[in-house]
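Only this structure's heavy atoms are used, side chains among them; waters, hydrogens and symmetry mates stay out. Residue numbers start from 1 in every chain, and the chains themselves are labelled A, B, ... in the order their sequence lines are given, proteins ahead of strands.
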2 protein chains.
Amino acid sequence: MNNSARDRVIVMTQQQTAAVTGAARHPFVEKLNRYTVLCNEEQATLSSLLARTRTIHRGRDIVVQGRPHQALQVLNDGLALRYKILADGKRQILNLVVPGDLIGLPACMFESAIANVSSLTDISVSTIEYKDLFALFHRHPRVAIALFWTSAREGGVYIERLTTIGRRTAYERLAHLILELLFRLRAVGLAGPASFEMPLTQEMLGDMLGLSLQHVNRMIRNLREEGLASVEVHKVTIHDMDALVRLAGFEEIYLSQARIPGLA
Amino acid sequence: MNNSARDRVIVMTQQQTAAVTGAARHPFVEKLNRYTVLCNEEQATLSSLLARTRTIHRGRDIVVQGRPHQALQVLNDGLALRYKILADGKRQILNLVVPGDLIGLPACMFESAIANVSSLTDISVSTIEYKDLFALFHRHPRVAIALFWTSAREGGVYIERLTTIGRRTAYERLAHLILELLFRLRAVGLAGPASFEMPLTQEMLGDMLGLSLQHVNRMIRNLREEGLASVEVHKVTIHDMDALVRLAGFEEIYLSQARIPGLA
DNA sequence: CGTCAGGTTGAGGATGATCAACGAATGTGG
DNA sequence: CCACATTCGTTGATCATCCTCAACCTGACG
């Protein structure tokens with residue numbers, strides 16, 4: 001916990017730099033750059049791919065289950081949710097999409113999308129046509145490797161959620177989700193050391209965790225009464241990090257964005 | 001459902017061809033070749049990467065949670081399981097690994113492995129060092145694209161399992177798993193039109209579905225009594241495919257291995 | 001001022017876990 | 001060949017976690 005405040009300051013500084021230098025500094029480029037140091041040309045090519053951005057208001061569907069598509073999209077700013085709707089109307093929220101993420105991964109890698117993505121806030125996105133993606137693989141293999149690496153690591157989030165839903169109690173599930181959100185948002189400069197803004201309703205939390213909204217409400221009360229964390233309207237604050245980590249069985253390694261080993 | 005038997009025949013023929021031409025025809029190469037047609041040189045490079053194989057007996061751990069590593073492995077033959085063990089000993093099985101799959105995906109994309117993989121049968125594996133993988137990205141961008149595509153589609157299996165565990169009843173979960181196993185095994189020539197050999201215990205099924213083994217047993221009995229499917233010692237047979245698909249809410253698209261759109 | 005989304009709380013009930021016991025099949029050592 | 005252990009499957013009884021139904025509260029917004 002001691003150096004997390006410092007970490008955050010560094011991230012925020014990067015964000016501010018981005019604001020100064022304009023769209024060239026882009027969360028997606030930043031992320032790939034964390035996997036392996038990219039040269040100027042590589043960064044320039046990526047930036048030009050992402051140059052044209054589009055703004056979408058909150059609550060709009062960006063990707064729709066069953067619909068075909070011919071491009072991937074990158075989230076530049078704001079938050080989105082990936083989810084699936086079952087035939088009987090039940091919803092499973094798969095993941096939170098944060099700036100720098102590929103929106104259509106993995107939903108858009110099929111003939112028609114296998115999941116929905118909708119904007120949780122107003123967002124800014126860039127589109128990468130498949131043909132441009134393929135050209136990128138030919139021109140900049142190192143970028144391709146970084147891309148491969150990120151998308152493979154995405155899988156880590158899913159397997160962790162899977163074990164959370166499959167094998168943890170409701171109380172543990174909520175604790176684990178809160179910690180995951182904290183760490184993922186912190187990595188993109190959107191959270192403090194032990195708190196973050198959260199535009200998720202209790203119904204959404206339930207749909208992420210396989211729980212009813214009423215039960216989420218009770219587990220939130222539990223966390224508050226036990227002094228572990230408080231979940232208010234749009235803000236989550238962690239009061240006892242150690243206890244929460246212990247309760248959740250949380251291990252942050254699956255969210256790591258460390259260098260790719262052995263890549264020059 | 002009508003042409004699935006025919007599809008299988010084609011796959012089986014490919015497998016037989018493999019037996020004739022020897023190790024050069026490899027399930028991993030076959031799979032990438034289904035994503036985009038690879039030229040001879042591309043296939044040759046891949047095959048040489050996979051030439052050295054290693055046999056591992058059943059019940060051995062190939063990848064161990066928390067342990068570092070410097071290579072990916074490819075499963076050539078046999079079956080394996082990816083799983084996580086929690087601090088209190090509970091186990092969540094994440095996925096079945098079938099021939100042609102990258103074993104260490106996504107577990108080995110981190111500084112230390114975030115999940116275990118163990119052999120379910122005697123298996124044959126090839127090792128791909130990271131440096132060889134990187135070289136492949138430089139030499140054969142089209143292979144890299146196919147690799148990116150497969151690994152991204154892996155995510156589809158996880159999000160489907162996630163919605164299954166999060167939002168379906170125990171009965172539906174079992175039905176869905178049986179169908180997924182059938183279709184995945186059929187894609188590698190290891191299942192008939194409506195049946196397959198299954199070396200999974202009821203405890204393992206429970207650990208895949210977030211259920212207790214006793215409850216799995218009862219749901220299996222249900223399926224049998226309703227005439228939908230029978231799960232015997234090491235063999236699963238589906239008796240009423242339509243009803244099972246309806247019960248599970250199963251949509252096979254997330255297992256598709258169709259061509260990558262727009263890739264020459 | 002009415003409506004609506006979101007949050008809060010309680011009561012009752014169902015799904016699925018846990019505990020417990022037993023049977024069948026397989027393997028092992030004597 | 002038998003005694004024994006072990007693994008896997010089967011079934012019943014009880015119990016708890018979590019769902020469903022229902023009601024009410026609050027604040028925001030037209």
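A cation-pi arrangement is not found for B:Arg161 relative to B:Tyr158, the charged atom failing to lie both closer than 6.0 Å to the ring centre and inside a 45° cone about the ring normal.
With rounding to the nearest 0.5 angstrom, the CZ atom of B:Phe196 is 9.0 Å from the OG1 atom of B:Thr237.
Between the CG atom of A:Asp207 and the P atom of C:dG6 there is a distance of 12 Å, given to the nearest Å. In this structure, B:Arg167 atom CZ and C:dT15 atom P are separated by 16 Å, rounded to whole Å. The CD1 atom of B:Ile165 sits 14 Å away from the C1' atom of C:dG16 (whole-angstrom rounding). The distance from atom CG of B:Leu209 to atom P of C:dT15 is 18 Å, rounded to the nearest whole Å.
Judged purely by atom type and a 3.5 angstrom limit, A:Thr201 uses its side chain to pair as donor or acceptor with the backbone of A:Met204.
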> How does each nucleotide of nucleotides 7-16 of chain D score, in 5' to 3' order, for protein heavy atoms under 4.0 Å: base (B), sugar-phosphate only (S), or none (-)?
Replying inline: -SSBBBB---
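A:Gly206 comes within 4.0 angstrom of no nucleic acid atom, judged by non-hydrogen atoms across all strands.
Checking D:dT20, D:dC18, C:dG16 against every side-chain atom of A:Ser212, the shortest atom distance belongs to D:dT20.
A salt bridge links B:Arg168 and B:Glu160; the closest N-O separation between the charged side-chain nitrogens and carboxylate oxygens is under 4.0 Å.
At a threshold of 4.5 Å between non-hydrogen side-chain atoms, the residues A:Ser119 and A:Arg60 count as touching.
By the 30° and 60° cut-offs, the orientation of the rings of B:Phe250 relative to B:His176 is perpendicular.
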